[in-house]
Engineer: 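Handing you a structure now.
Whatever order the structure lists ligands and atoms in, that order sets their numbers, starting from 1. These numbers were taken from a predicted model, which means no experiment stands behind them. The residues of the chain are indexed from 1 along the displayed sequence.
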Amino acid sequence: MIKYVFTLVFTVCISFMYAQKFEDLAQTPPMGWNSWNKFNCNVSEQLIKETADAMVSSGMKAVGYQYIVIDDCWQIERDPNGKIVADPERFPSGIKALVDYVHGKGLKFGIYSCAGTKTCQERPGSHGKELMDAKTYADWGVDYLKYDWCFTDGIEPISAYTTMSEAIREAGRPMVFSICEWGLSKPWTWAATVGHLWRTTYDIRDWYDGEIEGNFLGWSIILDKQVGLERYSGPGHWNDPDMLEVGNGRQTNTEYQAHFSFWALLNAPLIAGNDLRNMDARTIEILTNKEVIAVNQDRLGKQGYKIFDSGDTEVWCKNLYNGDYCIILFNRASSSQQVAVQWEMIAPELATSSYMVRDLWKHKNLGYFKYGFNAEIPSHGAKMIRLTTMDKMKLNLTP
Ligand code: GLA
């Protein structure tokens, strides 16, 4: 008995010591998986459990993915007290048991609701029930809330998201708060203290480009819309260009590799949106590239930005904590193109520098280059390189 009490007190003390505050969460962009892009409303406890298993067995957990997020359609109604009820057919053991399962794998659990009266799939929304819902999620052990923007006529976004943000804090369990308002009210200008990430556009689709009525966008169109937003993002508050489509089957591996490269460079939350239970080797290789993930998770937290654009070809840059630069050479044309970066595009004073160039997809040092670097890039392809000065290579300060 004494041993039991001691263990309990010890565990509680340790939990308090390590309890993270709302403000301290998401110091690097969150990494995880979300059900929506692949499964839409077809969610169930079996899918979530198998996905948690696969996140571990595929090696994704080992490289930093941690949140398993159920999107829309897990909820079905409210009980007579107003408490939200999970679909009992799809989640027969209840959400609490599912959260425990996910936690048991060493992962974290995320859930979805909406600031409106209904969710986008017309399930009960949280409007007017924010505190009750936040407390329910906290009781269940939820670690992450994605909060959508359907059925919000007459509702003001800053106050709606602030209400839920305060409800989460009052509920007392630290939860990453993902604002999904599609960029309509420019959340980058107001959301840094309200949530940890905010969507910048309408929904991604599994396309390289293309756009349907502005509501569904290919990733290269979303990329264009990120230009200028880089100054709003940083540790604890990230621009969210929407979840990944890598592995969902409608793009080439060249396009998926470019999509993942850019999401890493943009400090986007790396939230996989494919079926983790059935991934081919190439999909796993893309999603688990440690050198690319290190660029995304770099502790400086400075988002990448465009430094050259010829129409067909582009060069993007991201400053890294140890003084290195990450560069993407991108080709939007329908045939392969030479794409060049001159170091002076990064900053005029770097014009005559020499850098070791490392290819982050080939995991190879390509040698020292003075003035710049160029390469043949396939159609819709992106080469991602890391630049390190000679001094640092000698000191062996590179990762
Ligand atoms: C909106 C969001 C999507 C997804 C769906 C669910 O469209 O932007 O990411 O959550 O709702 O209905």
Engineer: Short N/O distance, under 3.5 Å, between Asp71 and ligand 1?
Structural biologist: yes

Engineer: Which donor-acceptor pairs under 3.5 Å do side chains of residues 288-295 form with protein atoms, sequence neighbours excluded?
Structural biologist:
| unit_1 | atom_1 | unit_2 | atom_2 | d |
| --- | --- | --- | --- | --- |
| Thr288 | OG1 | Ile284 | O | 2.6 |
| Asn289 | OD1 | Glu291 | N | 2.9 |
| Asn289 | OD1 | Val292 | N | 3.1 |
| Asn289 | ND2 | Leu360 | O | 2.9 |
| Glu291 | OE1 | Arg358 | NE | 2.6 |
| Glu291 | OE2 | Arg358 | NH2 | 3.1 |
| Glu291 | OE2 | His363 | ND1 | 2.6 |

Engineer: Let me confirm one number: the NZ-CH2 distance from Lys306 to Trp316, rounded to the nearest 0.5 Å.
Structural biologist: 5.5 Å

Engineer: Distance to 0.1 Å, residue and atom name: give those for the protein heavy atom nearest to atom 1 (C) of ligand 1.
Structural biologist: Asp148 OD2, 3.0 Å

Engineer: Out of all atoms in ligand 1, which are within 4.0 Å of some heavy atom of Arg199? Include the element for each.
Structural biologist: 8 (O), 9 (O)

Engineer: Answer yes or no for Tyr112: is there a heavy-atom contact with ligand 1 below 4.0 Å?
Structural biologist: yes

Engineer: Quiz question: by atom type and distance under 3.5 Å, do the side chains of Asn215 and Tyr202 form a donor-acceptor pair?
Structural biologist: no

Engineer: Among Lys146, Met243, Gln121, which residue places a heavy atom closest to atom 9 (O) of ligand 1?
Structural biologist: Lys146

Engineer: Report the nearest protein non-hydrogen atom to atom 5 (C) of ligand 1: residue, atom name, distance rounded to 0.1 Å.
Structural biologist: Trp36 CE2, 3.6 Å

Engineer: List ligand 1 atoms under 4.0 Å from Asp72, heavy atoms only on the residue side.
Structural biologist: 6 (C), 12 (O)

Engineer: Looking at atom 7 (O) of ligand 1, what's its closest protein heavy atom, distance included?
Structural biologist: Asp203 OD2, 2.7 Å

Engineer: Quick one: does Lys318's side chain have a donor or acceptor within less than 3.5 Å of a partner on Lys302's backbone?
Structural biologist: yes

Engineer: Name every donor-acceptor pair, under 3.5 Å, that has one atom in a side chain of residues 375-385 and the other anywhere in the protein, sequence neighbours excluded.
Structural biologist:
| unit_1 | atom_1 | unit_2 | atom_2 | d |
| --- | --- | --- | --- | --- |
| Glu376 | OE1 | Gln338 | NE2 | 2.9 |
| Glu376 | OE2 | Ser336 | OG | 2.9 |
| Ser379 | OG | Ala333 | O | 2.8 |
| His380 | ND1 | Glu255 | OE2 | 2.6 |
| Lys383 | NZ | Asp359 | OD2 | 2.9 |

Engineer: Can you list the atoms of ligand 1 that are under 4.0 Å from a heavy atom of Cys120?
Structural biologist: 1 (C), 11 (O), 12 (O)

Engineer: Need the ligand 1 atom indices (1-based, order shown) with element for anything under 4.0 Å from a heavy-atom of Cys180.
Structural biologist: 2 (C), 8 (O)

Engineer: Is the backbone N or O of Ser353 less than 3.5 Å from a side-chain atom of Trp343, with the two atoms forming a donor-acceptor pair by type?
Structural biologist: yes

Engineer: Below 2.5 Å, is that where the SG pair of Cys41 and Cys73 sits?
Structural biologist: yes

Engineer: Can you tell me if Tyr202 contacts ligand 1 (heavy atom of the residue under 4.0 Å from the ligand)?
Structural biologist: no

Engineer: Just which atoms of ligand 1 are under 4.0 Å from any heavy atom in Trp182?
Structural biologist: 2 (C), 8 (O)

Engineer: So does Lys96 pair up with Asp100, basic N to acidic O under 4.0 Å?
Structural biologist: yes

Engineer: Assess the side chains of Thr388 and Asp324: does a donor N or O sit below 3.5 Å from an acceptor N or O?
Structural biologist: yes

Engineer: So is Thr119 touching ligand 1 or not, going by heavy atoms under 4.0 Å?
Structural biologist: no

